[in-house]
Peer 1: 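Let me begin by handing over the structure; questions about it come next.
Numbers restart at 1 for each chain; the letters A, B, ... are given by sequence-line order, proteins then strands.
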There are 2 protein chains.
Amino acid sequence: MSTPERLIESTRELLWERGYVGTSPKAIQQRAGAGQGSMYHHFSGKPDLALAAIRRTAEELRAAAEERFAAPGTAVERVTAYLRREREVLKGCPIGRLTQDPDVMADPVLRAPVDETFAWLRGRIADVLAEGRDRGELDAGLDPADTASTVVAVLQGGYVLARAAGSEEPFRRAVDGVLGLLAAHTTTGRRTD
Amino acid sequence: MSTPERLIESTRELLWERGYVGTSPKAIQQRAGAGQGSMYHHFSGKPDLALAAIRRTAEELRAAAEERFAAPGTAVERVTAYLRREREVLKGCPIGRLTQDPDVMADPVLRAPVDETFAWLRGRIADVLAEGRDRGELDAGLDPADTASTVVAVLQGGYVLARAAGSEEPFRRAVDGVLGLLAAHTTTGRRTD
DNA sequence: CCCAGTGTACATACCAGTAGGTACAACTGA
DNA sequence: TCAGTTGTACCTACTGGTATGTACACTGGG
């Protein structure tokens with residue numbers, strides 16, 4: 001792997017583990033096995049490097065999500081597959097955690113990919129739900145946009161609960177809970193299973 | 001206000017705004033209008049001060065929540081009142097944000113109040129929902145513990161979405177979404193309003 | 001040669017805390 | 001009663017380390 005590549009990957013890991021304010025250029029260099037001069041040669045500074053790292057992480061997240069949404073199946077099946085896909089729950093969401101970083105949120109350039117990722121995600125899930133509703137799989141009274149926001153929020157909040165508890169259990173429960181609620185809105189009616 | 005009091009309040013504000021790693025003793029002192037010696041006289045260091053601040057914040061959060069849960073009304077009404085209560089949405093949850101702070105999560109003493117707060121919250125909401133189910137207000141097939149986790153997750157995730165978007169809208173939508181889903185589980189059946 | 005890529009030295013500020021000292025009030029014992 | 005002691009609250013100065021870069025010298029491949 002090239003030096004810029006190693007620097008970006010190290011930054012991605014550190015942003016995930018420690019956030020932006022908790023990540024120093026020195027720590028990035030050490031993890032990447034690169035010298036200081038090398039880092040400042042390839043990137044103008046910490047924000048520049050962080051931007052590259054954030055963009056790449058956002059891109060990966062989007063691709064992984066789209067994989068589930070584009071799969072065959074009913075709307076609820078696809079949303080379920082997305083919610084239940086394998087995740088490093090205790091590490092949290094690498095994009096969501098950035099919303100707690102004051103320096104990221106204060107910089108419009110760094111913040112943009114975070115904003116765009118969640119906007120896309122909410123919109124994409126809303127589309128899936130609207131499609132399910134139009135196909136007659138889902139209750140017509142259900143608001144796709146609101147429900148999509150709920151689904152994404154359950155995910156992000158599930159990470160918070162799991163980290164607080166030091167266990168994946170609350171995450172699983174939150175996901176099961178919202179899927180249970182959603183089941184009652186399918187046109188097959190309430191489930192008792 | 002006494003000096004220790006001012007120090008605790010400043011720490012609470014800074015933990016909320018910038019997190020633990022983003023908050024320096026110096027910043028705390030300046031905001032509190034206290035000198036360095038003064039701070040180290042009253043508190044053994046940054047973790048000690050943070051503990052006092054976190055405990056107080058957790059206590060307040062719990063009291064504010066209990067106020068809604070103990071109010072009269074159906075289970076759904078009380079959960080709705082809790083979810084819709086006035087909040088500083090864009091600032092996020094002062095307790096939830098701590099789960100993204102590596103130094104807080106790494107210290108069992110600092111982490112304990114965070115863990116306990118969410119454990120209590122999930123349990124308390126589960127109790128309210130179980131009560132509603134026993135009273136016949138809610139569908140018997142609904143799992144109170146799972147649904148309670150979902151409710152708390154929607155809240156925490158709603159903050160994340162709102163901060164990412166720079167707008168309260170996604171938070172409101174997520175709350176409306178989960179309440180809409182919950183409505184279908186009331187014994188009056190599905191709503192079409 | 002030349003220049004992208006890398007290494008080392010230096011610069012300035014901040015972090016988190018320790019050391020040591022001042023002001024003052026309360027308490028002691030002769 | 002009153003000099004002396006103790007304890008509380010607070011302050012400034014100092015310390016070793018880190019944060020975030022600049023400046024510049026060097027090296028090897030085209």
Peer 1: Are A:Asp101 and A:Arg97 within salt-bridge range, i.e. N to O under 4.0 Å?
Peer 2: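 Judged by the 4.0 Å cut-off on N to carboxylate O distance, A:Asp101 and A:Arg97 do form a salt bridge.
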
Peer 1: Roughly how many Å is it from OH in B:Tyr40 to P in D:dC10, rounded to a whole number?
Peer 2: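 Whole-Å distance recorded here is 16 Å.
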
Peer 1: Would you classify A:Thr23 as touching base, sugar-phosphate or nothing, given that sugar-phosphate means primed atoms plus P, OP1 and OP2, and contacts are heavy atoms under 4.0 Å?
Peer 2: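 Sugar-phosphate, backbone atoms only, no base.
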
Peer 1: As a test of reading the structure: which of D:dT20, C:dG7, C:dA16 is closest to the side chain of A:Ser38, going by heavy atoms?
Peer 2: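 Closest of the options to the side chain of A:Ser38: C:dG7.
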
Peer 1: Could you tell me how far apart A:Lys26 (NZ) and D:dT20 (C1') are, to the nearest whole angstrom?
Peer 2: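 It works out to 12 Å between those atoms.
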
Peer 1: Within this structure, what is the CG-to-C1' distance between B:Asp48 and C:dT18, rounded to whole angstrom?
Peer 2: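 So the two atoms are 17 Å apart, to the nearest Å.
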
Peer 1: Rounding to an integer number of Å, can you tell me how far B:Gln36 CD sits from C:dG20 C1'?
Peer 2: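 My rounded result for the distance is 13 Å.
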
Peer 1: On DNA chain D, check which nucleotide each of A:Gln29 and A:Gly37 is closest to and give me the residue with the more 5' one.
Peer 2: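 The residue mapped nearer the 5' terminus is A:Gln29.
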
Peer 1: B:Thr23 and B:Arg18: side-chain donor and acceptor closer than 3.5 Å?
Peer 2: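 No - no donor-acceptor pair under 3.5 Å links their side chains.
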
Peer 1: Rounded to whole angstroms, how far apart are CZ on A:Phe43 and P on D:dT22?
Peer 2: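 About 16 Å, once rounded to whole Å.
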
Peer 1: Think B:Ser24 has a side-chain N or O under 4.0 angstrom from the OP1 or OP2 of C:dC15?
Peer 2: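 True: B:Ser24 side-chain N/O within range (under 4.0 Å) of C:dC15 OP1/OP2.
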
Peer 1: Is the NZ or CZ atom of A:Lys46 both under 6.0 Å from the centre of the six-membered ring of A:Tyr20 and within 45° of that ring's axis?
Peer 2: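 Judged by the rule, A:Lys46 and A:Tyr20 form a cation-pi pair.
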
Peer 1: Hey, are B:Tyr159 and B:Arg87 close enough side-chain-wise for a donor-acceptor pair under 3.5 Å?
Peer 2: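 Yes.
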
Peer 1: Grab the CG-P distance between B:Leu49 and C:dG17 for me, whole Å please.
Peer 2: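 Rounded to the whole Å, the gap is 10 Å.
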
Peer 1: Please state whether the phosphate of D:dA9, meaning OP1 or OP2, lies under 4.0 angstrom from any side-chain nitrogen or oxygen of B:Thr3.
Peer 2: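 Result: no.
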
Peer 1: Rounded to whole Å, please give me the gap between CG in A:Leu7 and C1' in D:dG21.
Peer 2: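 Answer to the nearest Å: 15 Å.
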
Peer 1: Rounded to the Å, how far apart are A:His41 NE2 and C:dC3 C1'?
Peer 2: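 It is 9 Å, rounded to the nearest whole Å.
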
